[in-house]
Structures are given as structure tokens and as C-alpha cells.
Protein chains: 4
Amino acid sequence: MSLNQFGHLLRVTTWGESHGPAIGAVVDGCPPGLPLSEEDIQPWLDRRRPGRSRLTTQRQEADRVRILSGVFEGRTTGTPISLLIENTDQRSKDYGEIARRFRPGHADLTYHLKYGLRDYRGGGRSSARETAARVAAGGVARVLLAALAPGLRITGYMVQMGDRRIDRARFDPAEIERNDLWCPDPVAAAEWADYLEWLRRDDHNSVGAVIEVVAEGVPPGLGAPVYGKLDADLAAAFMGINAVKGVEIGAGFAAAALTGRDNADAIFRDPDGSLRFGSNHAGGILGGISTGQPVVVRFAVKPTSSILSPVPSVDLDGQPVEVVTKGRHDPCVGIRAVPVGEAMMALVLADHLLLDRGQTGGQRGRIG
Amino acid sequence: MSLNQFGHLLRVTTWGESHGPAIGAVVDGCPPGLPLSEEDIQPWLDRRRPGRSRLTTQRQEADRVRILSGVFEGRTTGTPISLLIENTDQRSKDYGEIARRFRPGHADLTYHLKYGLRDYRGGGRSSARETAARVAAGGVARVLLAALAPGLRITGYMVQMGDRRIDRARFDPAEIERNDLWCPDPVAAAEWADYLEWLRRDDHNSVGAVIEVVAEGVPPGLGAPVYGKLDADLAAAFMGINAVKGVEIGAGFAAAALTGRDNADAIFRDPDGSLRFGSNHAGGILGGISTGQPVVVRFAVKPTSSILSPVPSVDLDGQPVEVVTKGRHDPCVGIRAVPVGEAMMALVLADHLLLDRGQTGGQRGRIG
Amino acid sequence: MSLNQFGHLLRVTTWGESHGPAIGAVVDGCPPGLPLSEEDIQPWLDRRRPGRSRLTTQRQEADRVRILSGVFEGRTTGTPISLLIENTDQRSKDYGEIARRFRPGHADLTYHLKYGLRDYRGGGRSSARETAARVAAGGVARVLLAALAPGLRITGYMVQMGDRRIDRARFDPAEIERNDLWCPDPVAAAEWADYLEWLRRDDHNSVGAVIEVVAEGVPPGLGAPVYGKLDADLAAAFMGINAVKGVEIGAGFAAAALTGRDNADAIFRDPDGSLRFGSNHAGGILGGISTGQPVVVRFAVKPTSSILSPVPSVDLDGQPVEVVTKGRHDPCVGIRAVPVGEAMMALVLADHLLLDRGQTGGQRGRIG
Amino acid sequence: MSLNQFGHLLRVTTWGESHGPAIGAVVDGCPPGLPLSEEDIQPWLDRRRPGRSRLTTQRQEADRVRILSGVFEGRTTGTPISLLIENTDQRSKDYGEIARRFRPGHADLTYHLKYGLRDYRGGGRSSARETAARVAAGGVARVLLAALAPGLRITGYMVQMGDRRIDRARFDPAEIERNDLWCPDPVAAAEWADYLEWLRRDDHNSVGAVIEVVAEGVPPGLGAPVYGKLDADLAAAFMGINAVKGVEIGAGFAAAALTGRDNADAIFRDPDGSLRFGSNHAGGILGGISTGQPVVVRFAVKPTSSILSPVPSVDLDGQPVEVVTKGRHDPCVGIRAVPVGEAMMALVLADHLLLDRGQTGGQRGRIG
């Protein structure tokens, strides 16, 4: 992991700004012989695309991905896969006003301090638009996982919006795809939609969210002590998503409130020889290595700082100003973070599958 | 970051098992000419040392660090600094019983599954003992920070033990060093001590904790989009500590419950030209880059799985067993995680200082 | 360095196949604020472009580079710079015949063995075309060097073609740009041109070459013990160019024949305080670190394996065949390797400048 | 590869100075379950040890290696292997005189320029002593290769000393271990020994050498385009050895003098289905990937700069001095570079075996 790259063996480099000609990703280290075409990637981008509903930014982007290398006659060749997405709807004039002002809670300030200049159009590199490149790369990771870990299934959904939480008793996986909020609780989904609509239109405000991403069917043995830990890499991957301020695995922060007896995931062995656990406080990871249980990650997304309400700030000359962000913004960027979180999960697991295969050959210790 | 290494320019490799002859760290990339001796590192190890009070494991380790390379006539030479700590108090017989059993909630199982064998003595590589190597490396990072970011100060403390939280109204920095729990709230400290004593002696149980680490005086401009983000690297560093299940920056998970208006950290400029913020929900990091405000990280430590209470599990033959962990264990490993968290903060900041200097020369954009 | 990437802080990832839609490079870690436009890069690509003279392949490529990210209002922003070059002249039918045959001395065989499939069109990823991406990235490195090491000047030229060597007594730097062979010896240049013409047209053959690349004005102190040595990184960079079979620094292999007395570069100090050396057998590098003398690298390019003369080989079915490579090929790929070698020198030096600045702050030890 | 580390998946970090308490290496990423003890490593160190004959330095080092981690009950555990070698024979007073003088052709000067200080005792980190750590790490790599590539065999030997070359017609592999010079030509061995004796005792001089290292039984498919090329990594590994000034693969620089017809290695298929080649100009590598033929590397070692003959130089004050290096030095450091070259070959091949297994699973494309 270094600047704009991450991954050990499956290494992803993303590039591009919100209002440049294009954004993209280069996926290096992909195994050869995997079936891959743009049709394998596009659906994931479509899930994340802005303008999908009235609850997300009204920016319209086709987000058509092109594969420029690394695939021949429908199969990966083992060489780098270059993915390119053109930026088509760039209304730069919307942003002119903030060229000289720093939006509180935004990367405007820190980019300026560090680099001495910034591409202020649409947030430049700090735009949520960058995540499209991750989702595209995640599409490659999914193809890899389908081949090397066939039963693996990744599902992301919102579990909290603002201070409203889902009711786990009403959790319905089928519901996730039915609403615009990736919410597994139909009652919450309806209520949140109304709330968001009010927030955006009337309150000129935004709100945070918590997203949960679960990977089922993860083979045991992925990860490594001590700094190549699966949970450490997941933490970096999720914390690296724009606007994320917290990441937890399994019971997460709630584990701090538990005693060792309550937190222990008892281990049983089924008649067929497979392991079964009494609970999954560990979130599928012990000692940095996957157990075979579902890997469970939750991450907190802050409310976007781009709101129509005025906030005190300064301009380039150091003069006090009130910043009001016009333009097309998400009232809850957490919604579009769901497919991004799924993509990061896919990328980290795919990378660790290769890493584990490299070191151990994929062999597993036996029990019984 | 790769397996047992982390850091970009200041790269740390740790090695060693709980009951091998020694553990250690190699710190590569340290600037030359810094004053460094074992006396600069030893105090940090002493803070973390087991057997320091009745509230931590009774294992007695001298934890004397030796510098084997990279220092000449009291100054760093720019070459790798090898740090070695001998293991002196290894009661291997305590652990014989778990050689063939998997402790629930412990890396026993995953090491076996991944590697097909494990050094079961004291948890081997997954022992909290590994963190001594990090603390030693952190001592080097502190010397680096003292030279390159003179005003920088790192403070760690416990803010929650089990379901008991400190009262922020009673927060007293001077209290942190006065009790055995690094607790800034004297009332909580006394109560927690009693609770822990009961937990260990009578309840044969353990408990989790939340630790907060704050770095004040961090220069703005550290970090980088998109995967070399300061917060992403902090997340990996803290999640990589044994038993950690959650990491958050600034307002963290609480930010999910806020609106954009409430979360916004207003920006002001003082007459002397310095920036001032109305609040620090961001935890000192925006867009992956430090703002100059205090960097605030909290992490959740689960209750240790090594308890005297029986938990169902299996043995190497797959037979059901009840596991009771004898030996000398911490009732709350969160206590000793405080100096470890401080060390990780020091290492990440030192690394990013060098990284930033490499890319930008340390120059900062001007305001006003 | 990992698969299709190289560099420590200035990290370059290249991608693309000879007959895909495009090739490109992503340059990560570039300092912000440098003036950069496509006009800074294009001239270097033009130097390397095929079809430049009758002595290189007749493939016609416009080789127009586009900057897709990382530059705003004519200055680098510190974010990744994505460079894209479209492939415009792809006569795929020329290559149909070798889809099932392995050209001796070519990556055909090893790509097939490793990956189980290959993009056989024009050599796919193993095509010399990939080097255009390096030359483009090298253009970015040159801008960086111009800013951070103003006096630095890189010059590449051929010193040997086949068994014909230049006469160093006739060395004329101005001659290098005057002929199509980057040959500093005008007599050799004329003779080599005739030889090449005969080789291609009448002999249906190809020939190897030795190229020398010299960097003058390199600041002392670049490089590091022990594996981040400047010479080790140069060796990897040059050996990684297609068809290169040998790399040497300074006196190189000739140093093996010298005694210590003859090889010693005596050190003097001029009245102005600068160091002066009696000779430069070291090629500007001692202990992996630059001395301030010119850095001198030579590399050997084998004759291309794509020749019109038949060579025994096998096909996919394992049947014996005689391979004759039609299509448009360079009789001496060494010619076009000159600008590539210059680019690799620029990239390695730029990377080490940043790396040194990160670790040492660019300060230098004093003498006198 | 970064500063004092190299390798992708099998990553080696070395540390230590000539006259510090010890030197060592940490080998990270080793597969678990391999039989490993100090007895597997010691013999390789013994081959390299100084004081082995009158033809090498008279410094006496026991060079006893200790394994401090990563091995349990005689098997690797998959965690980092820490190797430590104590320095026992440190006659620091021999070096006092050069504390303030720069030996021409030595890292004295560049270390001072870069770092502002240096451990001048015995060359500090730039001492040939560092290579003991590589040889120890190479011992681990050999155990890995024995398990994963059973038929693989690595042999190093000298092919040139000064301007004297071996006669390939007299090449006798059995001879290599019989003389103190690793020379496969018995006639040359005898003559070189006399020459060296004279050089050291009477001429107070030193001489360079060329070493060839051959790996037979290398599986095809190791390596990767474009910067993870097997030959690029070998070039870095060998050029990173102290005093090496040139590296070539297969025909190497001689390939530059060949035509494509002469250089082509014709491919045949034997009745048993295996590939056979008409020659091995490629040195076992095409397109950066191994062919299955022997991998052949040659490297040039310059004459050591530590000679008893005076050479003009300067001191710390910039005053002109004549430097005469007393102490115990090798008249031909190339001799002890033979086991070091073998170790680097083992390390690079072992690393690429794991890397290939990670990406491709070790599957190979079929022919016929």
C-alpha cells in the first residue's frame, strides 16, 4: 500500500479527478485464464451510479467502463487490467465559487495545505467519484473470487442512518435490492426515504450512516500475522473510503463492553467434520486470519460536508467567509458507499486468497 | 505493508514468539544523525511491561532492549536499527495442556488451519508479547518525531472498561500516569481497579476496553489520497494490534448519527495567522490528510479469550473438549494496549512525516 | 517493485498490449506544483517512435500521449498522473500465423507456459511497444528532475552494434542527434547504417547492440544500502527493458580485469571546495550511493528474435515447425532502446531523489 | 525492495555493521512446515567464512548462526525467521586511522555525504560482512526450494580473475569444491592461487573477478512482465552485492555482437513430450519468465579498494592525504562472492516460486 495503490499481490492503482477527462484503475497481479468482459464489471458500477434515484446526487454519469488491457479473447492474460471510465457530466461552473474557499469538513483545506494547489472542480481527487474506480476493480476481484472461492458471497447494506437503526428482527435479505437505500428492514427503508427527502429539500442538510458488509463462504486461513492481518487490511481498505470515520469487525466496539465469557465463540464439530461456532463475535477473524465463519465489517460514514447551509470558514486570503455548497450532492453519501464497501471487501479477500496461495499453497491444517 | 512489516519509508519488521529465545524489531529508513540509545527506548517498554501491577499478567519479563545495529557513537547512521528483547520468564509447562486444544476466540485455531502447525507455547507469534517489539520500535519513532516535529505529543488512555465509561467532565491528564489503568478519570480508575480484581480472582473472567490515543501538534499535510491516507494507515496500525476489533477517528461511529450541520468543524483564522477550528469531529484528518488539529484515534479491545472459565471447543482429533486457560493472563488486555497504541501512533506519524517530506519537501500551501 | 510496477516513492505502473486499444502508465507520488503538459512528454515519445527512419520498424504509430489526471491548470497536483497512448496502427493479420507457433528467443513460449494463454498479436505485453509507456513516464520524471536537480542532464547513445564498436577518439556529443542510430561516432554511424540496411533487406537478419546512458550533474547521496542501492535499482530498471541481457555500471565487466591500484578513483578537492576525481571507474556510484560524478550505465540488447530467416521450433500441438517472422520489425531493437534507457535513468534518479529527501531531508555531510 | 529489504513474498531484511555486536536477517513469508534448523544454514555460512584459506581475509569469525524465531519443533511456522550472527573478532583499532579519511573507491565517502556520519569501523554497513546475513537467508531459501522445486540445483564458480579466464574445455564441476577459489578449471586454479599470493604479499594490490552462477532444474513460468521480471530481479539482487559492477544473463554482453540467427535458441520437443533447446543464449529466461533451461547469471566484482598501496584522497577537513588501508583484507573479494551469488540466486528463485504460485496456482500451459 503506497499512496494511490493498495493490495499485496492483487494490486490496484486508481487515478483520476472528478472533472478530468476520465477516471480509472489498473489491476495488477490478476490470475490468468479468468473469463472477464466489461459486462462482468458494468453491473457493479450501475449499482453505485449517481442519479440512480432522487435520494442521491443528480449528477448523471453513464459510468461506462472500458477494459483497455489484460484481457484477450474474453479471458484474463495475467497482465495488468486497465479500466477506464470517462467523465461525461462535468458541470464545472457549479464549483467556481469554491475555488478560493475551503468547505469545512472537506479535503479542500488539507489538499491546499499539503500540495499548495488543488483541482477544486468537484472535489478533484477527493470526490466520491474516485470510488467508481474501486467498484470497477472490485468487479475484477469478484470474477477472481468466483473462480477461486466459488461459494463466497458478499452482501452490503445500511444498518443505520443518522440516529435511526434497523430492527434486526425485521432483517430481510431480499429487501436490500428492493429499495434505494440498500436497507434490509422494509419499515426503516420507507421511513428513511421520507427523512432523507425532507433533509435534502427542506433542511438543506445531510446525514451520516453505518454500513455492514458480510462475506459468507470465506475460506479459513486467509490473512497473516502480524501486519498482513486480514482485519488490518480490511480496516485500511474501509477507512480509505471517502468520509469513513470508523471500522469494526464482528462485535466491534460492542466487544469492549463484553466479558471474556460472553464474547467467547464456542467451537463445535459437526458429524460431517466441519466446524461450527456458537456465535460470531469474532466476525470471522481470529489472530488476523479467517476462521471460515462469515467475515463481518461495519463502517461509519460521516454526513457529507457539502450542504446548502452556511458554515463559517476562510478563503485563500485568510478572510472569514460563510460557505454554502451548491451543486448536486448526496444527502447521505452512505447510500452509495454500500457498493463501494462490497468492492473493498472483494478486493481484500481476493488479494489475501492469492497471498495465502503463494505462501502456503492453499493447504489447510486438519482437525480430526 | 506485507505480512510482518508495516510502514512506507520508516518500515518496521517485527519477529519472535512468546516462548522463543527473543523477540525483536528491525526499523529501516530512519533518518541519520538522531541521538538514540537504549535509554530512549527502555522507558516505553517499562510502561508496557507485564507484572507492573496486580491488574496485569504476573509474567515477569525484564524486557531489556538492546540496539544491535544502526547506531554509532550515540547517533543513528541511517542504516537499519535492530532491536532485540530477550525472553527471560518462559514457563512453558503452563501451556502444555493447550498444545492439542483450540482456545475459543484465540488464534490457536486459525494458525493451525492456515499453517498446519503452531508454536502453542504462550500463543507463539499471536501472543501480546509481540507488542513489546512495536513499543520498542515506537521508541525510535518518538526520537524521530522529537527531531522533526518538536511540539508533537502523544497521549493514550482508557476511556471505557467493559460497559463502564469515564466521565469526560472529570478528565484529568495528570491522573493518567497516577493509576495502573491509564485512566484519566480518578473516580473511574478506583472503581475499575476493584472491578478488575473481582473479575480476575472471583469471576475467573476478563473484560474488554476502549482506548483513546491523541496526538497534539501534528503538522498539517501528513497523509495522501487515496490509499496512503493517514486515517487508513492508522486504521491498519491499530486494527493490527492483538485483540482489537474496532478503530475510529474523531467523532467516529458517532458521526454516523450526526447531520452535516452538526458535524461541520467551522474554520477560523486567528490574528496571528494560524487556523482555529470550532470543533474537531474530523479527529484532525480530512481527505486522508492531517489538518493540524489533534489526531484522535479510539480503538476497541475485546476481552481476552484466555480465561479460567470453561468454554466448549474441540481438540486436534476433533473431539469435543472444555477449555480452561490456566497460566498468567491479563484480566483486561486493554490496559497494556495503551502504550502499544501510543507506539503505533508514533510509528504511523513518523512514517508519514518522511513520506510527506519525500513527496513535497515539507512545503505547505499558504493561506492569507 | 511488483509485477508491472517499479519505483519506491515515484511509482510507475504500466499497462497495455501491442494490439489492444491503448497502452499507458500511471505515475504515482509525483511532487505537486511542477509545470507539466503533454508538450513536456511528447518530444521524448517522438524520439522513440517507430517509423522514424528506414532503420526501424515500419509500423506507423502517432504515439500521441494524453494526460488524463494529476494535472490542473498546467501544474501537477500531487495525485496520480495517468498517461494514455492509443494504438492506432494495428495490423493484426500480420501476426495470425504465429498464434499457434512459438518464436524461438521470444516470450511467446514463456507466456504460454506461465499463463496458459497469450495475446499473440504483436507480442502482446512483451512487445517493445510497452516501452512507449516508460518513455512517457520518463517525461514526467524529467520535469521532476528539472525542478529538483536543475543541472542534471541525461544522454544515451549506442557504443556498439553487433561486433562493431565506436571509436571513443571520435566521440562527438553533437553527432548523437544527427543520425538515426544515436551514434556519437560519425564514421561508425555511416557504416552501421549501411550494415543495417543490408542486414534487413538482404540477410533477413537482426543484430544486437550496446547502449550507454550517462547522467551528469547527479547530486551526491542518492541511493541506500543495501537493497535500495542506486546501482541495484538501475540494474533492475535496465534489465527490465525488453531484450536486455546485461547491465554494467562504470568500468563494469572491465573492472574485473583491473587491479585495485588501477581501478582506484583518486579523490581531490578543488580550491572552491568541490570534489574532483582522478577517474570514474565507479561510474558515479560507491556503496550503492551516488558520488556526484556522472552516473554511467551500459546495457546490452540482444538481436531481436523476429527475423525473416527460418528457425526450428514447435507449435501448440508440439509439432516441429520452422518459424519465419513476417511483419514489421526492427533489424536492431537497440536503436529504439536508447530513448528507453534514458527514460529509465530519469525514473530511477527521480525516485531516489524523493527517497533521499524523505529519509535525510536532502542534507549532505560536509568535507572541509 | 526498499532500502534494506528485498523480495516480493519471501522478503528478506538484513541489518548490522561489521563491528557492531551482531548482524542478522529476518526472512518473512516462508511457507510453513518446512524442516529447518541451524544445521541447514551453517554449512553455507562456512563456505563463505573469512579465514577459510590464506587467499582470503585473515579475520577470524566463527559465523555461528542462531535461529531466534519462526521455527518450532524443527519446522517453519510461517512466521518471520530471525537469524542472528554475532561478530566475535572485531579489531577496531585497525581502522582508527581511516575514521577521518576517505578510501578511494569505497563507500566511506558516499556514506559521509549522504548521512553526515558513518560507522567507519570495518566499513560499517558497507562491509562485505553484511553478505553473511544474505548467505544465512539463502540457506532458508534453499530449504524452501528443496521442498517446492526438488530437482533445482545451484552452482557458483569463478570464470575470470583479473584478466585470466578459465578454459571452458577444462571445465570440471567436481573441481569447484576442491580448490580455495571455486574455480572449475584445475589449471587456472593453481595459477590463480600463485598470482593472488604474489598480489597480496608482494604487490600490495587486489584484483577483480567474474563469477558465474547457474541454476539447473528451474521450473518454467517463474517471473512476470514487466518490472517483476525474473531477470530484472536477478539483476538487482546481484548488482546489490558489494563491489559488483556488472550483471549479465545467458549470452549477456556477448549477445550484442550476435545476429538474430546466431542468437536464436531453436526449440525441439523430445519424444517424452519435454522441450529441448538447441542452445541457451537466453540464459533460461525469455520475456522475463523462466523457460525451464538452466538460469545462467554472471557478475563482475571489482578489485577491493582496501589495498596497502597509497592512493590520493582527502580527509574530513578536505586536506589531501594518501590512503593506505591496513587491516585484514581479501586480495580478491570475488572469491567470497561465490557463495553470496549462490545465495542471491536461491533467494530470487524461491521468492518467484511463491509469487508464481500466488498468481497462477503453479499451473502451466500445455504443449502437445
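Note on naming: letters A, B, ... go to the chains in the order of the sequence lines (proteins, then strands), and numbering restarts at 1 for each one. Reckoned from all heavy atoms, side chains included, excluding hydrogens, waters and symmetry mates.
- Of the atoms belonging to A/Pro320, not a single heavy atom falls under 4.5 Å from chain B.
- Around the CZ atom of B/Arg165, the shell of radius 6.0 Å holds no more than 12 heavy atoms that belong to other residues, nucleotides or ligands.
- The minimum heavy-atom distance between B/Ala236 and A/Ala236, with the atom names listed, is CB-CB, 3.8 Å.
- Looking at A/Met158, neither its backbone nor its side chain comes within 4.5 Å of chain B, counting heavy atoms on both sides.
- Between the side chain of A/Asn4 and the main chain of B/Pro225, a donor-acceptor pair closer than 3.5 Å is present.
- Both the backbone and the side chain of B/Asp356 come within contact range of chain A, each with at least one heavy atom under 4.5 Å from a heavy atom of that chain.
- Remark: side-chain polar atoms of A/Asn205 are paired, donor with acceptor, to backbone N or O of B/Gly260 under 3.5 angstrom.
- Heavy atoms of A/Arg164 lying under 4.5 Å from chain B are absent altogether.
- Counting heavy atoms from C-beta on, the side chains of B/Ile289 and A/Leu113 never come closer than 4.5 Å.
- At least one donor-acceptor pair under 3.5 Å links the side chain of A/Lys229 to the backbone N or O of B/Gly240.
- Both the backbone and the side chain of A/Phe268 come within less than 4.5 Å of a heavy atom of chain B.
- Of the atoms belonging to A/Leu117, not a single heavy atom falls under 4.5 Å from chain B.
- Interface residue A/Ser313: backbone and side-chain heavy atoms are both found under 4.5 Å from chain B.
- Contact count against chain A (heavy-atom pairs under 4.5 Å) is highest for B/Gly252 among B/Gly252, B/Ala254, B/Gly287, B/Gly288.
- Between chain A and the residues B/Val207, B/Asp317, B/Asp163, B/Val226, the largest count of heavy-atom pairs under 4.5 Å involves B/Val226.
- Put simply, of B/Met161, B/Arg364, B/Arg118, B/Arg125, the one with the most heavy-atom pairs under 4.5 Å next to chain A is B/Arg364.
- Side-chain atoms of A/Lys245 come within 3.5 Å of backbone N or O of B/Ala282 as a donor-acceptor pair.
- Scanning both residues, A/Pro303 and B/Ala255, for their nearest heavy atoms gives CD-O, 3.2 Å.
- Rounded to the nearest 0.5 Å, atoms CD (A/Glu130) and OH (B/Tyr227) are 4.0 Å apart.
- Chosen from A/Gln319, A/His112, A/His204, A/Gln359, the residue pairing most often with chain B at heavy-atom distances under 4.5 Å is A/His112.
- Chosen from A/Ala251, A/Pro219, A/Ala256, the residue pairing most often with chain B at heavy-atom distances under 4.5 Å is A/Ala256.
- Here the shortest heavy-atom pairing between A/Pro104 and B/Asp265 reads CB-O, 3.4 Å.
- Interface remark: A/Thr13 contributes no atoms to any contact with chain B (heavy atom separation under 4.5 Å).
- A pairwise comparison of heavy atoms in A/Ile367 and B/Leu109 identifies CD1-CD1, 3.7 Å as the closest pair.
- Comparing A/Asp203, A/Val297, A/Leu230 by how many heavy-atom pairs each has under 4.5 Å with chain B, the most go to A/Asp203.
- For the options A/Val321, A/Leu316, A/Thr360, heavy-atom pairs under 4.5 Å to chain B are most numerous at A/Leu316.
- A donor-acceptor distance shorter than 3.5 angstrom exists from the side chain of B/Lys114 to the backbone of A/Gly223, with no hydrogens or angles considered.
- Screening B/Ser206, B/Ser309, B/Ser305 against A/Arg261 for a side chain to side chain donor-acceptor pair (under 3.5 Å) leaves a single residue, B/Ser309.
- Nearest approach of B/Ala224 to A/Leu3, heavy atoms of both residues: CB-CD2, 3.4 Å.
- By number of non-hydrogen pairs under 4.5 angstrom with chain B, the leading residue of A/Val12, A/Leu258, A/Val311, A/Thr291 is A/Leu258.
- Of the atoms belonging to A/Asp315, it is backbone heavy atoms, and not side-chain ones, that fall under 4.5 Å from chain B.
- Contacts with chain A were tallied for B/His281, B/Arg298, B/Arg134; B/Arg134 has the most, counting heavy-atom pairs under 4.5 Å.
- Counting heavy atoms from C-beta outward, A/Leu275 and B/Phe102 have side chains that stay 4.5 Å or more apart.
- Within 6.0 Å of CZ in A/Arg366 there are 12 or fewer heavy atoms belonging to other residues, nucleotides or ligands.
- Residue contact with chain B, scored on non-hydrogen atoms closer than 4.5 Å, involves the backbone and the side chain of A/Val314 alike.
- Side-chain contact between B/Gln160 and A/Phe253: absent, with no pair of heavy atoms (C-beta onward) separated by less than 4.5 Å.
- In this structure, CZ in B/Arg103 is found 10.5 Å from CD1 in A/Ile267, a value given to the nearest 0.5 Å.
- The parts of A/Asp231 that come within reach of chain B are both its backbone and its side chain, each placing non-hydrogen atoms under 4.5 angstrom from that chain.
- B/Val247 is not listed as a side-chain neighbour of A/Val247, based on a closest heavy-atom distance of 4.5 Å or more.
- Only the backbone of A/Gln363 comes within contact range of chain B, judged by heavy atoms closer than 4.5 Å.
- The candidate with the highest count of non-hydrogen atom pairs below 4.5 Å against chain A, out of B/Ser126, B/Ala209, B/Gly116, is B/Ala209.
- Counting heavy-atom pairs closer than 4.5 Å to chain B, the top residue among A/Ala107, A/Ala264, A/Gly368 is A/Gly368.
- The choice from B/Thr14, B/Leu222, B/Thr304, B/Val301 that makes the most heavy-atom pairs within less than 4.5 Å of chain A is B/Thr14.
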